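Step one of this worksheet: look at the structure below.
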Amino acid sequence: MFQPQERRQTNTEVKCITMEKLPIFPLTVTGFPYASLNLRIFEPRYLRMISGCMKTGRHFVITPLLSGNEGSPSEQVFADVGCLVAIEDFHELNDGTLGVVVHGEARVRIGEHWQEKDGLWHGDITPWPEDDEILRPEWEGLAELFQAMCANPLISKDSPVRCHKAPSANVLSWKLSSCLPLSPECQLALLQAESAEKRLSLIHHWLEGDMEG
């Protein structure tokens, strides 16, 4: 079974250790490591996916939808990168649909993929690990921004990393990626970035551009 390694006490990024064939959930929102997403599930293929994952303890992959729509699987084109997610909780919503809370575990690559008869995507999923990076002095401003966001009760419920000292560059880059109000194109660029340094550079550039504008 596809299993990410346990998180280190330093909260460095979870790294996957093997390849597995897993369900794929293309969405217009982007999943990131260390971030939670609330999903509303009602289509039969995704109800089947959630049921199967709950029974077996397996993960699935959320990937950005590039074209098509979420309700028409035959027309969907999605990215070749995604976020491996684990189910944290589920409950019935007021409208009778299923509410599911998932947590991002690791970034992964999506290889060959195919559809089952009901339209559910599956694919060959491989890890996309990256080296752990220390938080360099030039990113202290972003670390302070992150801590300020964690202090906001509207955000802190999705920001479990509320440490007394700045987190690693990896954690900081993923958490800011998930918390900042960015366009789908920017979110995809962050998910595809080769390193934490690159993600933080992109975030810094976009924030400076907003302030100058």
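Values in this document were obtained by computation on a predicted structure and should not be read as measured data. Counting begins at 1 with the first residue of the sequence.
Relative orientation of the His122 and Trp114 rings is parallel, given thresholds of 30° and 60° on the angle between their planes. Using the six-membered ring where Trp is involved, His113 and Phe78 have ring planes that are tilted, between 30° and 60° apart.
Contact annotation: the side chain of His204 never approaches that of Glu138 to less than 4.5 Å [non-hydrogen atoms, C-beta and beyond]. Looking at heavy atoms from C-beta onward, Leu22 lies out of side-chain contact with Phe60 at the 4.5 angstrom threshold. Side-chain contact between Leu84 and Val61: present, with at least one pair of heavy atoms (C-beta onward) separated by less than 4.5 Å. Using a 4.5 Å heavy-atom threshold, the side chains of Leu176 and Met149 count as touching.
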Go through Val102 and Phe25 one step at a time and tell me if the side-chain contact (heavy atoms from CB on, under 4.5 Å) criterion holds. CA-CA 12 Å; Val102 298; Phe25 196 170; over 6 Å; no
Go through the steps to decide whether Phe146 and Leu142 satisfy the test side-chain contact (heavy atoms from CB on, under 4.5 Å), and finish with yes or no. CA-CA 6 Å; Phe146 170 72; Leu142 291 179; over 6 Å; no
Please evaluate residues Val81 and Leu188 with respect to the criterion side-chain contact (heavy atoms from CB on, under 4.5 Å), reporting the C-alpha separation (whole Å), side-chain torsions for both, the decisive distance (0.1 Å), and the verdict. CA-CA 9 Å; Val81 59; Leu188 177 58; 4.1 Å; yes
With side-chain contact (heavy atoms from CB on, under 4.5 Å) as the criterion, how do Leu190 and Phe32 come out once you've worked through the C-alpha distance, each side chain's angles and the decisive distance to 0.1 Å? CA-CA 9 Å; Leu190 292 170; Phe32 291 104; 4.3 Å; yes
Working for salt bridge (Lys or Arg N to Asp or Glu O under 4.0 Å), residues Arg199 and Glu133: CA-CA 12 Å; Arg199 281 190 297 276; Glu133 300 179 39; over 6 Å; no
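If you run side chain to side chain contact (heavy atoms under 4.5 Å, CB included) between Leu39 and each of Val101, Ile62, Leu98, Ile50, only Ile62 comes through.
The shortest heavy-atom contact between Pro33 and Trp174 is O-CB, 3.5 Å. Summarising the geometry of Gly119 relative to Arg45, their closest heavy-atom pair is C-CD, 3.6 Å, with the distance given to 0.1 Å. Scanning all heavy atoms of the two residues, the minimum distance from Pro64 to Thr30 falls at CG-OG1, 4.0 Å. Of all heavy-atom pairs spanning Pro26 and Trp121, the tightest one is CG-CD1, 3.9 Å. When all heavy atoms of Ala196 and Glu130 are compared, the closest pair comes out as N-OE2, 3.8 Å. Contact record, Leu135 with Ala143: CD2-CB, 3.8 Å, taken as the closest heavy-atom pair.
Within the model, atoms CD1 of Ile87 and CE of Met54 stand 5.5 Å from one another, a figure rounded to the nearest 0.5 Å. Expressed to the nearest 0.5 Å, how far CG of Leu172 lies from CD of Glu140 amounts to 11.0 Å. Put simply, CG on Leu27 and OH on Tyr46 are 7.0 Å apart, with the number rounded to the nearest 0.5 Å. Here the straight-line distance linking atom CZ of Phe90 with atom CD1 of Ile41 works out to 12.5 Å at 0.5 Å rounding. Summarising the geometry, atom CG belonging to Leu182 is positioned 7.5 Å from atom OG belonging to Ser177; distances are rounded to the nearest 0.5 Å. Rounding to the nearest 0.5 angstrom, the gap separating the SG atom in Cys53 from the CZ atom in Arg58 is 7.0 Å.
No path of Ile, Leu, Val, Met, Phe, Trp and Tyr side chains, each step under 4.5 Å between heavy atoms, connects Leu65 with Ile24, placing them in separate hydrophobic clusters. Criterion: ILVMFWY side-chain heavy atoms under 4.5 Å apart, direct or through other members. Under it, Leu120 and Val85 are part of a common hydrophobic cluster.
With sequence neighbours left out, the side chain to side chain contact (heavy atoms under 4.5 Å, CB included) criterion links Asp80 to Gln192. In this view, Thr97 and Arg40, Phe42, Leu93, Asp95 satisfy the side chain to side chain contact (heavy atoms under 4.5 Å, CB included) rule, not counting sequence neighbours. The side chain to side chain contact (heavy atoms under 4.5 Å, CB included) search around Glu92 returns none, not counting sequence neighbours.
The pair Glu116-Arg48 meets the salt-bridge criterion, with a side-chain N (NZ, NE, NH1 or NH2) lying under 4.0 Å from an Asp/Glu carboxylate O. Salt-bridge check for Arg136 with Glu197: passed, with a basic side-chain N closer than 4.0 Å to an acidic carboxylate O.
Arg107 places a side-chain N or O within donor-acceptor distance of the main-chain N or O of Leu191, the cut-off being under 3.5 Å. Between the side chain of Ser173 and the main chain of Leu200, no donor-acceptor pair closer than 3.5 Å is present.
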